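This report refers to the structure that appears directly beneath it.
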Number of protein chains: 2
Amino acid sequence: MAKAPTVEDVARAAGVSRQTVSNVLNAPDIVRGATRERVERAIAELGYRPHAAARRLRTRRSSTIGVRLDPYLGGISGVVLDRFVHALTERASERGMRIMLYAAHTPAEEIERMGDLVDGGEIDAIVLTGTSREDTRTNWLQERDVPFVSFGRPWRDDDTGAPAHPWVDVDGAAGTRAATRHLLDHAGSRIAFLGWPEGSGTGGDRARGWGEEMSRAGTSGPRWYVEESVGRAREVAGAELAADPAVDGVVCVSDALAIGAHLAATALGRPELPVVGFDNTPAAEALGIASVEQLPEQVAVGVLDLLMGPTGGIVLRRSYAAEAAYVLVEPRLVVR
Amino acid sequence: MAKAPTVEDVARAAGVSRQTVSNVLNAPDIVRGATRERVERAIAELGYRPHAAARRLRTRRSSTIGVRLDPYLGGISGVVLDRFVHALTERASERGMRIMLYAAHTPAEEIERMGDLVDGGEIDAIVLTGTSREDTRTNWLQERDVPFVSFGRPWRDDDTGAPAHPWVDVDGAAGTRAATRHLLDHAGSRIAFLGWPEGSGTGGDRARGWGEEMSRAGTSGPRWYVEESVGRAREVAGAELAADPAVDGVVCVSDALAIGAHLAATALGRPELPVVGFDNTPAAEALGIASVEQLPEQVAVGVLDLLMGPTGGIVLRRSYAAEAAYVLVEPRLVVR
DNA sequence: GGCAAAAGTTTGAACGATCAAATCGTGCTA
DNA sequence: TAGCACGATTTGATCGTTCAAACTTTTGCC
């Protein structure tokens, strides 16, 4: 295989200088039409492609975004993150950006890795996932002035009025509101909520949506608690449903719990009890259980908009303190 | 934020030359102990990290592996690929390698993308997924002498004796053999196989395992065909089970079909009919359906071994024609 | 036609690392 | 003690691109 051509080779072939070739690539509008065509022909003929490393070295930009991939823990909900990464890869590609993955098992290790990647010039920006209220990572990123957006709100006091940093998230409350309304319309007035134990921001948000919609309808229903597990959900929902047979439907904080509730209802001879899950995982789809779809596609678009501006092709370095923004994606109820 | 230190800064601080610092990083054994310690101290104090782009430019190596992420199509089986990417990211990280994702919708577009990434020096090697018998990508990669390994065998005439290129795959036949044996031991002698229509290499491989184990046991069972869909599997399995109630268990080519079969059996009043799926997806786990686990972790290890040698830290450029190798991972039956 | 301003193009330097070759020491042998 | 070999370290060149500034050509206007 012959050595790859450089700008110099292209320049010689087109009878122009290095810089003009570079301009054709990076600022076509400042090159005269005739010249540009000549250069473009030479590029095509030689099959020239710019060498990314040289460009990065000079411009100090990598056009690459880092994303941490959590260790796979099994279970149902990892799917949303995977779909998000898929979507992000596609959307980033359309904007001339690349996605680099990294792995870490602890926040400290993640900070170490981010440091390597950022200082090494491998990535321009980071997409954080799984943010929590006290997140050492966000502080570190802000201190270092590294552009980043999180999938998941900061969970501080006023995330929408004065966000601690740019974020994108799915409006969990809106999702459960829609789910609750659907059940109120089609199933009956006594709708239960099967949620996680207190303490999770996401879980609280989703519970709130159910509560709001129930109050608005002037009715009420029981709220049950269980940790994220199909088996445990089946036990708890089974016991509660047996004790409270008047329940007309169940809104669940996740598909795993929804599956547990569905199995419990089936075992109690009520296979048609309406149950709505959250995340629209393949498992819920397979069982024909309705679910709230997170629309990871739109989350990905939101992330890139915040990082690069609505149309931009490069990562913007903005002052976080000054103007942090957010995108709240409205989820969609998938009825089955 | 102060400018990042370079080798020059470290050299000055340690009272040595650029190259010595470089040697401490890349060939510590040729530097005298005392010198090395002095340099290491300076590196730590300054918080120096090598600039990847400069290194890449000079060494023409990126220590990065490209992986295509298929557009997310929903359904159940995409999970295996995601788990593989997770595992690959972690294992690669341990060997000082990074993973870069790219997106493409057609083979032609994928070749275009691979060209960009390889010629641009972004990646040293590629991991292909979803190989087929006539794969334009593998030919292109071999012509260009780009190191690559596929997850999925080449499906040529003699994949194990004379592989067309390095590959890693899961031994589907071994998986269904184990599943079949398990059902023969615990359920009865009439075990059905619910598989895809003819034509798929993977599907054929898995069907073979069932067939072999049935012959070995001197028994036989019906083979049913249906495309990859929970709903369709439910219909087909339901009809067949009703027509042939003597069936003692069903081995399925995928979890989606297994779920369909399980639902059909339940609807026929036989919820305990043993069914085994393939891929061990969260959906099967949630329903308590046994499944053959692909062990994507081991596939990832196999891929890296083939690319870099069992312990190596850099991608090996070998002659494919001369010595192509393969790794066949033995899957594991997860009983539930 | 002349001249200033604007547009287009070229040249030298720099990004930060490693390679290749030269240099410097040190210990050993004759 | 001169000579030599070998290990440790330094020096100069280079990877391919873009930036900044200098230079050349075209345009616009009187």
Side-chain angles (χ1 to χ4, degrees), chain A residues 2-40 42-43 46-63 96 116 118-122 124 313-314, chain B residues 2-40 42-43 46-64 96 116-122 124 313-314:
Chain A
K3 209 176 121 309
T6 72
V7 292
E8 199 83 47
D9 300 322
V10 175
R12 202 169 316 122
V16 295
S17 71
R18 286 194 314 274
Q19 185 62 35
T20 298
V21 177
S22 174
N23 287 337
V24 169
L25 264 46
N26 301 303
D29 45 313
I30 72 166
V31 179
R32 198 158 38 147
T35 315
R36 184 170 59 232
E37 282 172 26
R38 204 147 31 95
V39 172
E40 279 166 350
I43 288 177
L46 295 179
Y48 165 78
R49 298 185 208 252
H51 196 273
R55 175 176 281 173
R56 288 184 184 191
L57 177 58
R58 184 65 241 227
T59 63
R60 321 216 49 101
R61 223 184 303 116
S62 64
S63 296
D116 284 345
V118 170
D119 291 346
E122 302 257 30
D124 293 336
I314 66 165
Chain B
K3 207 178 121 310
T6 72
V7 288
E8 200 84 46
D9 300 321
V10 174
R12 203 170 314 122
V16 296
S17 71
R18 287 194 316 272
Q19 185 61 34
T20 299
V21 176
S22 173
N23 286 337
V24 169
L25 264 46
N26 301 303
D29 45 311
I30 72 167
V31 180
R32 200 160 37 147
T35 315
R36 184 171 59 232
E37 283 175 25
R38 206 147 31 95
V39 172
E40 280 167 349
I43 289 178
L46 295 179
Y48 165 79
R49 299 184 208 252
H51 196 274
R55 175 178 282 172
R56 288 183 185 193
L57 177 58
R58 183 64 240 222
T59 62
R60 323 227 36 113
R61 220 184 304 116
S62 64
S63 297
T64 302
D116 284 345
L117 294 173
V118 170
D119 290 347
E122 302 256 30
D124 294 336
I314 66 166

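These numbers were taken from a predicted model, which means no experiment stands behind them. Side-chain atoms are counted along with the backbone in the values below, which use heavy atoms only and exclude waters and symmetry mates. The chains referred to below are lettered A, B, ... by the order of the sequence lines, with proteins before strands, and numbering in each begins at 1.
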>> Measuring to OP1 and OP2 of D/dT18, would you say a side-chain N or O of A/S22 lies under 4.0 angstrom away?
In response: yes
>> From CD1 of A/I30 over to P of C/dT10, roughly how many Å is that when rounded to an integer?
In response: 12 Å
> How far apart are the closest heavy atoms of A/D124 and A/S63, and which atoms are they?
Replying inline: OD2-N, 2.7 Å
> To the nearest Å, how far apart are A/E8 CD and D/dT17 P?
Replying inline: 9 Å
> Do the side chain of A/R18 and the base of C/dG12 come within less than 3.5 angstrom through a donor-acceptor pair of N or O atoms?
Replying inline: yes
> Side-chain N or O of B/R55 less than 4.0 angstrom from OP1 or OP2 on C/dG16?
Replying inline: no
> What is the distance from CZ of B/R56 to P of C/dA17, rounded to the nearest Å?
Replying inline: 14 Å
>> From NE2 of B/H51 over to P of C/dT18, roughly how many Å is that when rounded to an integer?
In response: 13 Å
>> Please compare B/A54 and B/V31 by the position of their nearest nucleotide in DNA chain D and report the one closer to 5'.
In response: B/V31
>> Please tell me if A/T35 has a side-chain N or O lying less than 4.0 Å from either OP1 or OP2 of C/dT9.
In response: yes
>> Between C1' on D/dG16 and CG on A/L46, what's the gap in Å once rounded to a whole number?
In response: 15 Å
> In whole Å, what is the span from the CG atom of A/D9 to the C1' atom of D/dT17?
Replying inline: 13 Å
> Counting any heavy atom closer than 4.0 Å, what does A/R60 reach on the DNA or RNA strands: base, sugar-phosphate only, or nothing?
Replying inline: sugar-phosphate
> Which heavy atom in A/Y48 sits nearest to a heavy atom in A/T6, and how many Å separate them?
Replying inline: CE1-C, 3.6 Å
>> Under 4.0 Å, heavy atoms only, any strand: does A/T20 hit a base, just the sugar-phosphate, or nothing?
In response: base
> Do A/R58 and D/dT18 have a side chain to base donor-acceptor pair shorter than 3.5 Å?
Replying inline: yes
>> Please report the distance, rounded to the nearest Å, between CZ in B/R32 and C1' in D/dG7.
In response: 10 Å
>> Please give me the minimum heavy-atom distance between B/A4 and B/D9, naming the atom from each residue.
In response: O-OD2, 4.3 Å
> To the side chain of B/Q19, which of D/dT11, C/dA17, D/dT18 is closest?
Replying inline: D/dT11
Side-chain donor-acceptor pairs under 3.5 Å in residues 49-58 of chain B, sequence neighbours left out?
{"from": "B/R49", "atom 1": "NE", "to": "A/D119", "atom 2": "OD2", "distance (Å)": "2.9"}
{"from": "B/R49", "atom 1": "NH1", "to": "A/D116", "atom 2": "OD1", "distance (Å)": "2.6"}
{"from": "B/H51", "atom 1": "ND1", "to": "B/A53", "atom 2": "N", "distance (Å)": "3.4"}
{"from": "B/H51", "atom 1": "NE2", "to": "A/R60", "atom 2": "NH2", "distance (Å)": "3.3"}
{"from": "B/R56", "atom 1": "NH2", "to": "A/E122", "atom 2": "OE1", "distance (Å)": "2.6"}
{"from": "B/R56", "atom 1": "NH2", "to": "B/T64", "atom 2": "OG1", "distance (Å)": "3.3"}

>> With a 4.0 Å limit, can you tell me whether A/N26 has a side-chain N or O closer than that to the phosphate oxygens OP1/OP2 of D/dT18?
In response: yes
Taking distance alone, no hydrogens or angles, what donor-acceptor pairs closer than 3.5 Å link side-chain atoms of residues 20-33 of chain A to residues at least two apart or in another chain?
{"from": "A/T20", "atom 1": "OG1", "to": "A/S17", "atom 2": "OG", "distance (Å)": "3.4"}
{"from": "A/S22", "atom 1": "OG", "to": "A/N26", "atom 2": "ND2", "distance (Å)": "3.3"}
{"from": "A/N23", "atom 1": "OD1", "to": "A/Q19", "atom 2": "NE2", "distance (Å)": "3.2"}
{"from": "A/N23", "atom 1": "ND2", "to": "A/Q19", "atom 2": "O", "distance (Å)": "3.4"}
{"from": "A/N26", "atom 1": "ND2", "to": "A/S22", "atom 2": "O", "distance (Å)": "3.0"}

> Nearest to the side chain of B/S17 - C/dG8, D/dT17, D/dT9?
Replying inline: D/dT9
>> What is the distance, to the nearest angstrom, from the CG atom on B/L57 to the C1' atom on D/dT14?
In response: 9 Å
